[in-house]
Engineer: 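Take a look at this one; I'll ask things after.
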Amino acid sequence: MAGMFDNSTVLQVQQANDIVEVIGEHVSLKQKGREMVGLCPFHADHRPSMNVNNVKQIFKCFACGAGGDVFKFVQMRENLTFPQAIERLAERAGIRLERRQKARRKRPVLSGAEAQEARGERAEDIDPNRLARANAWAVKHFRKNLEDPDKGKYVRDYIARRQISAESVEKWQIGLAADSPDDLARAAIANKAPLELLGQAGLLVGRNRDKFVNRLMFTITDVTGRVIGFGGRTLDGSGAKYMNSPTTVLFDKSNSLYGLEQARHEIVSTGTAAVVEGYTDVIMAHQFGCTNVVATLGTSFTAGHARILQRYAKKVVLIFDSDVAGIEAANRALDVCLAQRIDIKIASVPDGKDPCDFILAAGKERFEQIIDGAVDVFQFKWERLKEKFNGDDTLAGKKAAVEEYLQAIATGLQSGNVAALDCGLRVNQISRIIGLDSRQINAELNRRVMRAQRSSGYQQGGQEIAGIDYGRGSFAAAQREVLEVLLNEPGLYETVRQEISAEVFDVPILKQIAAILFEMLSVDRETSLRQVLARTESVELGRCLMELAHAGQEKGNFESRLAGALAAIERHQAQKHKRGIETVGDQSEYLRRLYKNTSKTNVRNVGMV
């Protein structure tokens, strides 16, 4: 822990954050036997591969191997260091931390990207926790601007005209970026808020200039409620209508959904997530009681969005504008969802309205009817094919329409979204409309599926977690065996202590674990796996501990396995010592070492006379 926090504080934070609750904020978990299971967020999981044990307070994915305690999950999920994960979870539990920190040299204060560039600092080196706190401070400032009797009046009037209620303004933390180029920067200086952090958060640009000026501010949070970024709508028509925070260590619009924090529970409860385009679409849907609605953030629906929703929803309904641009955007989104094995349906708001205006005019029930009446992805694709095929007289146009439909089927087949019977029916449909034999169509589909599988294999490889090097040979296996036993039966440490120390281990990762485990067991013979995990900073080390503990539990028979492992280690040490003796040139030294060695390893030896 690099001396930052003492062990008792770390354990306090760990115990205050139930692992089921923490992981449940990121993934939908269901009871299976004595454990909870869910889709693993650390690889492209299509069936629940991650187990969470409430009693032991640990998790493990049996597909990619990710595992550990609540700290390791947060480290991996939010890309934090171990101390940052402690701070993050302490904040979540309302625990005040006292740092044991060395004094640091004072540095000149620069703002934004200039400070980052001046230090040669990489984006991944920025502390996400501090960035989130800077964002939270900015939220308070924007909210204060909106509530200001003079400064915020015209914006409050605008909000009232849009029929956004006061409760919604509070719930969604809507604010105002004032009509001044440095309003936020001046407030930060006055309140001694760090300009450097505000720059790293994308709130300041250049030399202390505000990024958001004269804009209605929408606060973007992650699923846990942490402020990760902002969206700003222009109030005077200048610049882009909407502007988002830039990409930071906290915020990436391709992997963020507006309203997920507020919609998560209803999505899990109903099994359905409705996806719209705009901030106000989400706010108005929730205001009218449709609380399973989220929005993309000014970007096309991406594979990242699909993976996030897959953790909570069984079905995704895309609600798109009925103009040409909206239809094309929806079509691209359907292809993304097909590849992610999501049950995807599509709906449109009539009369050219956006969802916000439609809900205000027609009400909750009518909007819910649109969601319930959403059509299947292939029905949408089929209607699109017929429309293009009949409306385009060119050979190239007809060919493009057929290829688009074939590709959709191939993608669905490859991801398991299309059953064999459904595939046969769709092939017959195409055969009738284009006059091509079904065998030829099936051959083309097979070629496309094979290409998709090869492509998927290359992509999946990059997501795999690298294997752990446990060493080779019987000596390495014996070291692993000792740790597997102790992680399940810590009471056997007394036997181990009499025979070996951690210095005997020569496999680097096993040596690290042995050093931590032996030290803890020398103080407390009932040390649990959870306590050991709280002492390990590395995610890899945590994963290794989980693998060793699981392997040991599966094998059982602890005492005899330990005896065999210790015997193997003793034989290895004896052979190593003997090899050392044979290299000794001096005859008397050779005899002395030989006597010492044989007296230890041969129980029938009565000594030399």
Side-chain angles (χ1 to χ4, degrees), residues 108-118 126-162 164 166 168-221 225-251 253 256 258 278-280 283 297-298:
V109 176
L110 297 174
S111 65
E114 294 167 341
Q116 188 177 332
E117 184 179 349
I126 299 169
D127 185 343
N129 293 328
R130 297 187 68 214
L131 220 58
R133 286 194 285 272
N135 283 337
W137 177 85
V139 170
K140 292 178 181 177
H141 177 73
F142 295 142
R143 296 280 290 119
K144 185 179 177 182
N145 280 349
L146 181 62
E147 293 164 2
D148 186 277
D150 300 319
K151 193 188 296 185
K153 185 180 185 307
Y154 77 105
V155 186
R156 293 195 300 274
D157 291 343
Y158 169 79
I159 290 172
R161 288 196 301 274
R162 294 299 303 266
I164 299 173
S168 290
V169 171
E170 183 70 29
K171 174 182 177 179
W172 297 94
Q173 302 183 78
I174 297 172
L176 166 65
D179 189 10
S180 166
D182 60 354
D183 175 72
L184 184 70
R186 284 187 288 105
I189 293 169
N191 289 275
K192 298 183 179 178
L195 296 174
E196 182 179 320
L197 273 179
L198 294 174
Q200 292 168 348
L203 289 163
L204 298 182
V205 294
R207 288 277 178 178
N208 302 341
R209 310 295 285 182
D210 294 0
K211 177 179 177 65
F212 299 98
V213 177
N214 200 22
R215 288 181 178 269
L216 184 67
M217 298 299 290
F218 298 95
T219 300
I220 303 169
T221 61
R226 184 173 55 163
V227 181
I228 58 174
F230 297 91
R233 186 198 189 283
T234 182
L235 292 166
D236 59 9
S238 63
K241 183 177 180 181
Y242 283 95
M243 180 188 292
N244 285 329
S245 294
T247 299
T248 68
V249 292
L250 281 179
F251 179 66
K253 64 183 180 181
S256 303
Y258 184 67
Y279 297 107
T280 54
I283 292 169
L297 297 162

Engineer: Which value, rounded to the nearest 0.5 Å, describes the distance between Asn129 atom CG and Arg226 atom CZ?
Structural biologist: 6.5 Å

Engineer: Which atom pair, heavy atoms only, marks the closest approach of Arg215 to Ser238?
Structural biologist: NH2-O, 3.6 Å

Engineer: Identify the heavy atoms of Thr248 and Gln200 that sit nearest to each other, and give their distance.
Structural biologist: CG2-O, 3.5 Å

Engineer: If you measure from CG on Asp179 to CG on Asn145, what distance do you get to the nearest 0.5 Å?
Structural biologist: 11.0 Å

Engineer: Please list, chain by chain and in numerical order, all residues satisfying salt bridge (Lys or Arg N to Asp or Glu O under 4.0 Å) with Asp150, sequence neighbours excluded.
Structural biologist: none

Engineer: Any side-chain heavy-atom pair from Leu198 and Trp137 closer than 4.5 angstrom?
Structural biologist: yes

Engineer: Could you tell me whether the side chain of Ser245 and the main chain of Phe230 form a donor-acceptor pair under 3.5 Å?
Structural biologist: yes

Engineer: Return the minimal non-hydrogen interatomic distance between Leu195 and Ala188, and the atom names on each side.
Structural biologist: CD2-CB, 3.7 Å

Engineer: Which heavy-atom pair separates Ala134 from Leu197 by the least distance, and what is that distance?
Structural biologist: CB-CB, 4.0 Å

Engineer: Once you round to the nearest 0.5 Å, how far does OG1 of Thr221 lie from CG of Leu250?
Structural biologist: 11.5 Å

Engineer: Would you indicate whether Lys241, at its atom NZ, is surrounded by more than 12 heavy atoms from other residues, nucleotides or ligands within a distance under 6.0 Å?
Structural biologist: no

Engineer: Could you grab the distance from atom CD of Gln173 to atom OG of Ser168, nearest 0.5 Å is fine?
Structural biologist: 13.0 Å

Engineer: Once rounded to the nearest 0.5 Å, what's the spacing between atom CG of Asn135 and atom CD1 of Ile228?
Structural biologist: 8.5 Å

Engineer: Is the count of non-hydrogen atoms from other residues, nucleotides or ligands lying under 6.0 Å from Lys151 atom NZ greater than 12?
Structural biologist: yes

Engineer: Of all heavy-atom pairs between Gly202 and Lys211, which one has the smallest distance, and what is that distance?
Structural biologist: O-CD, 2.9 Å

Engineer: Is the shortest side-chain heavy-atom distance between Lys171 and Ile283 below 4.5 Å?
Structural biologist: no

Engineer: Where does the angle between the aromatic ring planes of Tyr242 and Tyr279 fall among parallel (under 30°), tilted (30 to 60°) and perpendicular (over 60°)?
Structural biologist: tilted

Engineer: Report yes or no: does Arg143 contribute a side-chain atom to a donor-acceptor pair with the main-chain N or O of Glu170 at less than 3.5 Å?
Structural biologist: no

Engineer: Give me the atom names and distance for the closest heavy-atom approach of Gly231 to Ile220.
Structural biologist: N-CD1, 3.8 Å

Engineer: Of Leu184, Leu146, Leu203, Asn191, which is the lone residue that meets side-chain contact (heavy atoms from CB on, under 4.5 Å) with His141?
Structural biologist: Leu184

Engineer: Determine yes or no for a side-chain-to-main-chain donor-acceptor pair under 3.5 angstrom, with Asn244 supplying the side chain and Leu297 the backbone.
Structural biologist: yes

Engineer: Between Thr219, Thr280, Val169, which is the residue that forms a side-chain contact (heavy atoms from CB on, under 4.5 Å) with Ile174?
Structural biologist: Val169

Engineer: Do Leu176 and Leu235 have side chains that get closer than 4.5 Å, going by heavy atoms?
Structural biologist: yes

Engineer: Check this for me: does any side-chain nitrogen of one of Lys153 and Asp157 sit under 4.0 Å from a carboxylate oxygen of the other?
Structural biologist: yes

